[in-house]
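The figures that follow rest on heavy atoms only: side chains count, while hydrogens, waters and symmetry mates do not. This structure is a prediction, so every number in the text was calculated from the model and none was measured.
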Amino acid sequence: MPLHRLQMVLAEAGFKKFRANQIFDWLYRKCVFDFARMTNLSKTERKFFSETFTVLPAEMETVRRLDSSDGLTQKLLLKLPDGNAIESVLMHHDYGYSVCVSSQAGCDMRCAFCASGLNGAVRNLTAAEILSQVYVFNRDLYPKGDRVSRVVVMGSGEPMLNFDAVFEALQFLHQSEAANISYRNMTVSTCGIIPGIEKMKVLGLPISLAVSLHAVKTDLRNELMPINKGFPFADVITAAEDYARSSGRQVTYEYILLAGLNDSDEDAELLANYLRFNLACVNLIPVNPVPEKGFFRPDLKRVEKFLSVLKRHRIQATVRKEMGQDINAACGQLRAAFARNQKSE
Ligand code: SAH
């Protein structure tokens, strides 16, 4: 609940308006989600608030937690009050903590290599459900003097199909009295929903855009990402480039490397051609294998060769640092397994 709404609700219930600021401070600065522990409120107030409000991050139950062996990545499967489950990931980089949040429970986009769309109904998450994922982690980090300083909307779901809630959540997290995360440290990743990219431009915030490209041959991209039939990748690149120019933020193109499918030198040449002269960088991602569907990781030599072709064309490119590879089952797999279990119960 935004501060001004909390103030209004409290005023209507006959409480002092400044109580809203105190509650806000407990919830979003100190990450205390239990009204009983808000020591500067009176007993009557604590009782009233406990009976009237729920605090969502406290209601999101961790049903599974995976820690990578290097201790740098933590993946949570969180159960929402309605029984849906979502995945959120905390990553510890040398520059701080970043969180990967989900924007929908499930996904409708049917990308061939992704597990997010398997099993379980799709629904949009609310703004509160999106930003609460950050607070689930902040609750543990705050007592250690740390906090989440980056957010990537790259968990399950297509953020552009839940535009209002995603950007409301990001704007909330940006507030200094909330999570104080700069827009430049936020990235929204899309499979290429052009109207969403255009709306982001109108919003005019310096949030970074990432585009899941993965193929630059029409037949292959149609097959891997059916959304390409509605929004062909060349048009997506044009829209993304337009966003880059208006926001001043470089676009990241995510390119999963799938052995034998999109990882040849010719593919790299094509990709370089499409991105030439653009404010672009490429993030190469060796696929999290989905052997049942025939998706395998190319060997390291192939990855390096692909990268060198891009570099020769002066395309900025990096290979995604593998974080928590030992817990990095294909995206959405935890949730898919959870949904399967629920169905069979
Ligand atoms: N719908 C948005 C954001 C969620 S997916 C989008 O498409 O960008 C986040 C990223 O994970 C996307 O780039 C997606 O293509 C990628 N991804 C999905 N399955 C994967 C897998 N098996 N291995 C590696 N990356 C995968």
Side-chain angles (χ1 to χ4, degrees), residues 107 109-114 116-117 152 154 158-161 187-198 200-201 208-245 247 249-290 293-320 330-331:
C107 188
M109 298 292 97
R110 291 177 291 116
C111 297
F113 42 78
C114 182
S116 293
V152 296
M154 284 190 192
E158 172 45 50
M160 297 307 188
L161 298 181
T187 302
V188 174
S189 176
T190 179
C191 61
I193 311 282
I194 294 175
I197 299 174
E198 290 169 349
M200 228 176 131
K201 183 177 156 191
S208 302
L209 174 69
V211 171
S212 297
L213 195 54
H214 306 329
V216 280
K217 286 177 181 157
T218 294
D219 287 352
L220 180 61
R221 197 167 190 269
N222 281 345
E223 211 176 289
L224 293 175
M225 302 179 71
I227 190 68
N228 195 62
K229 294 173 196 157
F231 299 113
F233 68 85
D235 298 347
V236 175
I237 294 173
T238 306
E241 174 61 6
D242 198 28
Y243 179 73
R245 290 191 195 288
S247 65
R249 309 291 295 156
Q250 192 180 46
V251 175
T252 302
Y253 292 92
E254 295 155 280
Y255 193 97
I256 300 181
L257 289 167
L258 303 157
L261 288 174
N262 68 353
D263 64 342
S264 69
D265 288 359
E266 184 208 345
D267 291 307
E269 296 278 350
L270 265 177
L271 179 59
N273 265 330
Y274 275 109
L275 299 185
R276 210 180 301 234
F277 309 123
N278 284 5
L279 264 171
C281 71
V282 175
N283 197 197
L284 297 174
I285 311 166
V287 69
N288 293 319
V290 193
K293 294 193 178 172
F295 298 127
F296 298 96
R297 225 172 237 209
D299 59 34
L300 200 62
K301 256 173 111 181
R302 184 84 300 272
V303 175
E304 277 166 5
K305 185 70 201 308
F306 197 96
L307 184 66
S308 72
V309 173
L310 294 181
K311 296 234 153 143
R312 181 156 44 77
H313 286 283
R314 303 191 190 291
I315 305 288
Q316 262 199 62
T318 50
V319 179
R320 178 168 295 178
C331 306

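There is a side-chain donor-acceptor pair under 3.5 Å between N228 and N222.
Scanning all heavy atoms of the two residues, the minimum distance from S208 to M200 falls at O-CE, 3.8 Å. Residues M160 and I197 come closest through the heavy atom pair CE-N, 4.1 Å. In plain terms, the two heavy atoms of M109 and L161 that are nearest each other are CE-CD1, 3.3 Å. When all heavy atoms of Q316 and A280 are compared, the pair lying nearest together is CB-O, 3.9 Å. I194 and A239 get closest at one heavy-atom pair: CG2-CB, 3.9 Å. Annotation for A244 and V251: closest pair CB-CG2, 3.8 Å, computed over non-hydrogen atoms.
Side-chain contact between F233 and T218: present, with at least one pair of heavy atoms (C-beta onward) separated by less than 4.5 Å. With contacts defined as side-chain heavy-atom distances shorter than 4.5 Å, the pair L213/L271 qualifies. The shortest distance between side-chain heavy atoms of V282 and L275 falls below 4.5 Å. Two residues are said to be in side-chain contact when any heavy atoms from C-beta on lie closer than 4.5 Å; H313 and N273 fail this criterion. Between L209 and K201, the closest side-chain pair of non-hydrogen atoms is not below 4.5 Å. Using a 4.5 Å cut-off on side-chain heavy atoms (C-beta onward), H214 and L220 make no contact.
Ion pairing between E269 and R312 holds under the 4.0 Å rule for side-chain N and carboxylate O.
Using modelled atom types, no side-chain atom of T318 and backbone atom of R320 make a donor-acceptor pair closer than 3.5 Å. Remark: side-chain polar atoms of R297 are paired, donor with acceptor, to backbone N or O of V287 under 3.5 angstrom. At distances below 3.5 Å, not a single donor-acceptor pair connects side-chain atoms of D235 with backbone N or O atoms of F231.
To the nearest 0.5 Å, atom OG of residue S212 and atom CG of residue N283 are 10.0 Å apart. The distance from atom CG of D263 to atom OH of Y255, rounded to the nearest 0.5 Å, is 7.5 Å. Here the straight-line distance linking atom CD of E241 with atom CD1 of I237 works out to 9.5 Å at 0.5 Å rounding. In this structure, the separation between OG on S189 and CD on E158 is 7.5 Å, given to the nearest 0.5 Å. With values rounded to the nearest 0.5 angstrom, F113 atom CZ is found 9.0 Å from I285 atom CD1. Within the model, atoms SG of C191 and CD of E254 stand 10.5 Å from one another, a figure rounded to the nearest 0.5 Å.
A distance of 6.0 Å or more separates the ring centres of Y253 and Y274.
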Run the side chain to side chain contact (heavy atoms under 4.5 Å, CB included) check on E198 and D242 step by step: do they pass?
CA-CA 9 Å; E198 290 169 349; D242 198 28; 6.0 Å; no
Start with the C-alpha distance between L258 and K293, add both sets of side-chain angles, then the distance that settles side chain to side chain contact (heavy atoms under 4.5 Å, CB included), and finish with yes or no.
CA-CA 11 Å; L258 303 157; K293 294 193 178 172; over 6 Å; no
For side chain to side chain contact (heavy atoms under 4.5 Å, CB included), just list the numbers for F306 and N262, CA-CA rounded to whole Å, side-chain angles, deciding distance to a tenth of an Å, and then say yes or no.
CA-CA 10 Å; F306 197 96; N262 68 353; 6.0 Å; no
Please walk me through it: do V236 and I227 pass side chain to side chain contact (heavy atoms under 4.5 Å, CB included)?
CA-CA 11 Å; V236 175; I227 190 68; over 6 Å; no
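For R110, the CZ atom counts as loosely surrounded, since its 6.0 Å shell holds 12 or fewer non-hydrogen atoms of other residues, nucleotides or ligands.
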